[in-house]
Each structure stands twice: as C-alpha cells, then as structure tokens.
Participant: 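Starting off with a structure, shown below.
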2 protein chains.
Amino acid sequence: MVEQAETLRRTPLSRDRVLHSAVALADQAGIESLSMRNLAQELGVVPMALYKHVANKDELLDGMIDVVVGEIDPPLAGTGWQPALRARILSARQVLRRHPWAPLAIESRNMATPAILAYIDSTIEILLTDGFSTDLTHHVMHALGSRVLGFSQELFDTARDAGRTGAADPIPPAALPPEVAARFPHVAAIATAAAHDDTTVVGAGCDDQFEFEFALDLLLDGIDRLRQQGWTST
Amino acid sequence: MVEQAETLRRTPLSRDRVLHSAVALADQAGIESLSMRNLAQELGVVPMALYKHVANKDELLDGMIDVVVGEIDPPLAGTGWQPALRARILSARQVLRRHPWAPLAIESRNMATPAILAYIDSTIEILLTDGFSTDLTHHVMHALGSRVLGFSQELFDTARDAGRTGAADPIPPAALPPEVAARFPHVAAIATAAAHDDTTVVGAGCDDQFEFEFALDLLLDGIDRLRQQGWTST
DNA sequence: AATCTAGGTGTACGGCGTACACCTGTCAAG
DNA sequence: CTTGACAGGTGTACGCCGTACACCTAGATT
C-alpha cells in the first residue's frame with residue numbers, strides 16, 4: 001500500500017507538466033523564486049528529476065516563454081493589416097499581463113525561441129500579404145520593437161512585481177513622496193496631472209492599457225501614412 | 001617595507017571607485033560575470049570590503065545605472081522640442097551602446113533611481129517648455145517608453161552579449177540556418193532582403209542605428225502631428 | 001528469464017550574496 | 001602622551017543556487 005501510493009503518487013511528470021508548473025510558479029511567486037529546487041518541490045519530486053525533461057534552467061526558461069507565446073491568439077483573417085496587427089498585439093499584451101515575468105525573461109534570453117519566431121513570422125505575413133514591401137515591413141518590425149509582443153518597458157513598471165508577497169502588500173503605488181516631487185518638479189507635474197482622473201487611488205492615476213494603445217496607434221498611424229505615400233527608401 | 005607596500009597598496013577604495021570598477025567589469029566581461037567576489041578581486045580587496053561602500057548587490061546595480069545615465073548629454077538649449085528631444089535620445093543611445101548590459105539592468109530594477117528620475121524630469125521639461133500640455137506630455141513619454149533612454153528591446157539583440165568571451169568568438173551573427181529559413185519563410189524574406197545591402201557580412205545586414213532612428217522619427221513625427229492639431233483628449 | 005532503458009534518487013561540488021565578529025590604522029579629546 | 005572611538009579592510013561561515021555523476025528500479029523487449 002505504501003508501494004501503491006508511491007507507484008501512482010503522481011501523473012508521471014513530463015516536459016509539459018514541468019513547463020506549465022514552472023509558469024504557474026512564476027506567475028504566483030514571482031520569477032525570482034523559481035528555482036529548480038522550488039519547482040521540483042512543487043511537483044513532489046527531487047530536483048534532479050527535472051533534468052530528465054529539460055536540459056538545464058535556461059532551456060526551462062525558453063520552454064516557459066514558448067508556453068506563454070503559444071497563448072497569443074492567431075491573426076485575424078479577412079481584415080486589413082491594421083486591424084489584424086492591432087488585434088494581435090493587444091492579444092499579446094493581454095497574455096503578458098497574466099505573466100508579468102515574461103517580458104524580462106524574453107529580453108534576457110537574447111535569442112528567439114521557435115515559438116517566438118513562429119509568432120513573428122505570422123506577424124510579418126500580415127504585412128506582406130497586404131502589400132507592404134519587405135523593406136518597409138522590416139522597418140516596421142523594428143519600429144514596433146517589443147511592442148509586437150505586447151509589452152513596452154515602462155520606466156515605472158508597476159506590473160513587474162505582481163505575485164511575490166501575495167496580496168497583503170499594504171503599499172499602494174506610492175504617489176510620489178513629497179521630497180522627490182520637489183526635486184523633480186516636471187515628473188511631479190505629469191504624475192499629479194494624471195492622478196486627478198477618475199481612477200481609484202491618487203497614485204495609480206495612469207491607465208496602462210490606454211497608454212499602450214495610444215503609443216501603439218501612434219505608431220500604426222505613422223506606418224499607415226508611410227505606406228499610403230508609397231514608401232520607397234530612406 | 002612589507003608594511004609600506006601594504007599601507008599604500010591602493011588608492012583606498014570608495015563608493016565611486018567601486019561603482020566605476022563595476023561598470024568597467026560589466027562592460028568587459030559581461031554583466032553575468034559581475035559578482036561581488038569578482039569585483040572585489042578586480043579591486044585587490046576581499047569581497048566583504050565592498051559592503052562598506054554599497055549596501056548590497058542591488059544597490060551596486062543602482063549605482064552603476066546612475067553612472068551610466070550620468071553620461072548622457074544634457075538637453076540642447078535654444079532649439080525646438082523635436083531636435084532637442086531627438087538629440088538627447090540619440091545621445092542616450094550612444095551611451096548605452098558602450099554599456100550593453102545597461103538596458104537589461106535598468107529594466108530589471110523596476111524602480112527609477114534618482115539619476116533616472118533626473119533624466120526623465122529634464123526630458124519632460126523639454127516638452128513642457130515648448131507648449132505641450134501635461135496630458136500630451138504624459139502620453140508622449142509612454143509612447144517613447146524605454147526609447148527615451150536610448151534603447152528599444154529588439155527581439156534579435158546582437159549587442160547584448162558584447163564583451164564576455166572577448167573578441168575570439170568565431171561565430172558571425174549567424175545568417176539564419178536554412179532549416180529555420182524554411183520553417184519561417186517570412187522572417188527569411190525580411191532577413192535576406194536586409195542582407196543584400198552593402199553591409200559587411202551576409203547575416204548582419206541590418207543597420208541598428210538606422211532602424212532606431214527610423215522608429216524614433218516615426219514616433220516624433222506622429223507626436224508633432226498631434227501637437228500641431230492641438231491635441232486635447234482621447 | 002535476461003536485458004535494456006526511461007525516469008526518479010542521493011550525494012556532492014563550486015559559486016553566489018552576505019551576516020557577523022574581528023582587527024588595525026588614524027585622529028580627536030582628555 | 002595616552003586613550004578611545006571609529007572608519008574601513010579581513011576571515012569565517014551559512015544557506016541558497018545550478019547541476020555533474022553514480023545509482024536504483026520498474027516496466028518493456030528479446
């Protein structure tokens with residue numbers, strides 16, 4: 001009976017189970033507490049067991065990224081490039097908001113995983129099939145940069161430390177303390193201007209989603225203008 | 001004589017020396033080999049000595065970021081907002097190209113250091129003093145995102161692993177291997193189109209600086225258009 | 001029945017950040 | 001001239017990390 005319990009104590013572990021557990025752990029506890037040891041414990045297994053399914057921690061991270069990128073919706077068909085691209089990027093953004101650790105993980109792994117390449121490939125396809133030149137498409141991809149994956153690195157990123165200590169954190173986004181407001185008057189001007197909107201608390205008065213779409217549309221409009229004037233070379 | 005050698009063996013260490021040594025080490029050997037132990041060795045000192053000058057490694061990183069941000073040129077005076085902003089951002093970019101580890105470090109430290117706040121403050125000032133509303137300024141800062149600090153996170157970042165193994169690395173940027181070109185035809189189309197420019201080797205045919213300025217100007221032009229049409233609300 | 005093998009285990013190593021007790025040279029106050 | 005405080009460098013030790021490597025074991029294959 002001990003043998004039975006040991007024998008069928010778990011669905012037997014697999015690369016997929018490892019990857020999804022890792023994603024869940026990073027979502028809940030923050031990426032900085034994702035260690036091979038913690039992950040193994042979560043799975044009721046000894047740390048070295050993981051190495052039968054992923055080569056090492058870097059490959060684990062790559063796998064986690066692929067899981068996340070795989071959650072992004074496929075492109076819309078039958079619309080123009082602009083709605084299709086816009087919808088796709090906003091879908092990517094929604095996905096990444098569920099996995100706040102992902103942007104940093106993606107950026108730090110400095111080469112594209114197959115899933116990211118596939119995502120980029122199908123994104124490029126949106127443009128090419130709507131008549132963009134390869135040159136313009138290339139520049140457009142650079143212009144969008146990481147926004148194409150749903151994130152822009154905000155200098156004040158509130159989402160990054162989601163998870164971690166649980167919801168008990170008593171600190172609201174900390175409407176800048178008076179001494180910094182004094183030293184940096186223009187930052188303060190912007191912050192307080194944003195704060196007296198209708199949003200909940202004083203410090204948080206900045207609608208991330210709105211800002212993201214604002215910047216995205218600014219780019220998309222500029223791109224459309226280039227295209228309509230038959231963009232050629234520099 | 002041993003005593004003398006020991007007594008004046010080094011300029012006596014200071015927060016500044018620690019910080020600048022750390023930056024130099026990260027520049028040369030890559031951020032991943034910047035450990036308290038390595039840094040101490042570089043300075044001819046025992047690891048714990050560093051803690052008399054920086055509270056811990058996180059604070060060390062913050063200090064390094066401040067060193068880097070401090071290298072960015074101050075804003076141009078007497079020009080319009082657009083040349084001033086453009087020049088500043090390109091200066092920031094130049095600085096960050098000397099310190100390839102910095103973008104990731106900045107992004108991972110999720111809160112602004114005083115130097116970054118000062119930089120942002122004076123950048124906002126450029127816009128406000130040229131008549132931008134606080135609202136538009138706010139959105140503009142979000143639209144620029146990290147580009148305001150001179151970097152956009154490219155999905156294929158070649159600059160990130162500068163330093164590290166020295167210049168002995170025999171691998172050129174690896175003009176995508178045929179099997180990935182087959183699986184991702186649109187990526188391949190873009191890449192090969194870029195490759196037959198006049199640039200050195202086949203794989204590297206993508207001018208980062210041009211792409212950065214292209215995207216930057218796309219944004220700046222869009223912003224200018226908003227401003228000239230007296231941008232009000234959503 | 002013998003063997004192979006996929007997959008979980010246990011031990012151990014070197015590196016990391018850093019807490020904490022300690023020493024030592026300098027310099028000001030008595 | 002002594003004394004004692006203190007700034008700053010030292011040494012040891014702890015707990016965490018990733019992971020190499022040898023081992024075991026249950027089921028499938030021959």
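In this text, all values refer to a predicted model and were calculated from it rather than measured experimentally.
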Participant: Cut-off 3.5 Å, no hydrogens considered: what does the side-chain donor-acceptor table look like for residues 57-69 of chain B, sequence neighbours left out?
Facilitator:
from	atom 1	to	atom 2	distance (Å)
B/Lys57	NZ	B/Leu34	O	2.8
B/Glu59	OE1	B/Arg15	NH1	2.8
B/Glu59	OE1	B/Ala55	N	3.4
B/Asp62	OD1	B/Arg109	NE	2.6
B/Asp66	OD1	B/Thr113	OG1	2.4

Participant: Less than 4.5 Å apart, side chain to side chain, heavy atoms only: is that true for A/His99 and A/Glu71?
Facilitator: yes
Participant: Expressed in angstrom and rounded to an integer, what is the separation of A/Leu50 atom CG from C/dA6 atom P?
Facilitator: 19 Å
Participant: Roughly how many Å is it from CG in B/Leu13 to P in C/dG25, rounded to a whole number?
Facilitator: 17 Å
Participant: Give the angle between the helix axes at the two ends of the helix from C/dA1-D/dT30 to C/dG30-D/dC1, taking five base pairs at each end and rounding to 10°.
Facilitator: 10°
Participant: Any heavy-atom pair between the side chains of B/Leu216 and B/Leu144 that's under 4.5 Å?
Facilitator: yes
Participant: Taking the side chain as every heavy atom from C-beta outward, state whether A/Gln209 and A/Leu90 have any pair of such atoms under 4.5 Å apart.
Facilitator: yes
Participant: Using whole Å, what does the distance between atom P of nucleotide D/dT10 and atom CD of B/Gln41 come to?
Facilitator: 13 Å
Participant: Could you tell me if the ring centre of A/Phe210 sits under 6.0 Å from that of B/His139?
Facilitator: yes
Participant: Using side-chain contact (heavy atoms from CB on, under 4.5 Å), reason through A/Val140 and A/Leu219 one step at a time and then give a plain yes or no.
Facilitator: CA-CA 9 Å; A/Val140 164; A/Leu219 280 166; over 6 Å; no
Participant: Between B/Phe212 and B/Arg93, is there a cation-pi geometry (under 6.0 Å to ring centre, at most 45° from the normal)?
Facilitator: yes
Participant: Is the phosphate of D/dG9 approached by B/His53 (side-chain N or O, under 4.0 Å from OP1 or OP2)?
Facilitator: yes
Participant: Please answer whether the main-chain N or O of A/Ser91 pairs with a side-chain N or O of A/Asp73 as donor and acceptor at a distance below 3.5 Å.
Facilitator: no
Participant: In this structure, how many angstroms lie between the P atom of D/dC21 and the NZ atom of A/Lys52, rounded?
Facilitator: 13 Å
Participant: Considering only nitrogen or oxygen atoms on both sides, find all protein atoms under 3.5 Å from nucleotides 13-20 of chain D and state each distance.
Facilitator:
from	atom 1	to	atom 2	distance (Å)
D/dC17	OP1	A/Ser35	OG	3.0
D/dG18	OP1	A/Met36	N	3.4
D/dG18	OP1	A/Lys57	NZ	2.9
D/dG18	OP2	A/Met36	N	2.9
D/dG18	N7	A/Arg37	NH1	2.3
D/dG18	O6	A/Arg37	NH1	3.4
D/dG18	O6	A/Arg37	NH2	3.2
D/dT19	OP2	A/Tyr51	OH	2.9
D/dT19	OP2	A/Lys57	N	2.9
D/dT19	O5'	A/Tyr51	OH	3.4

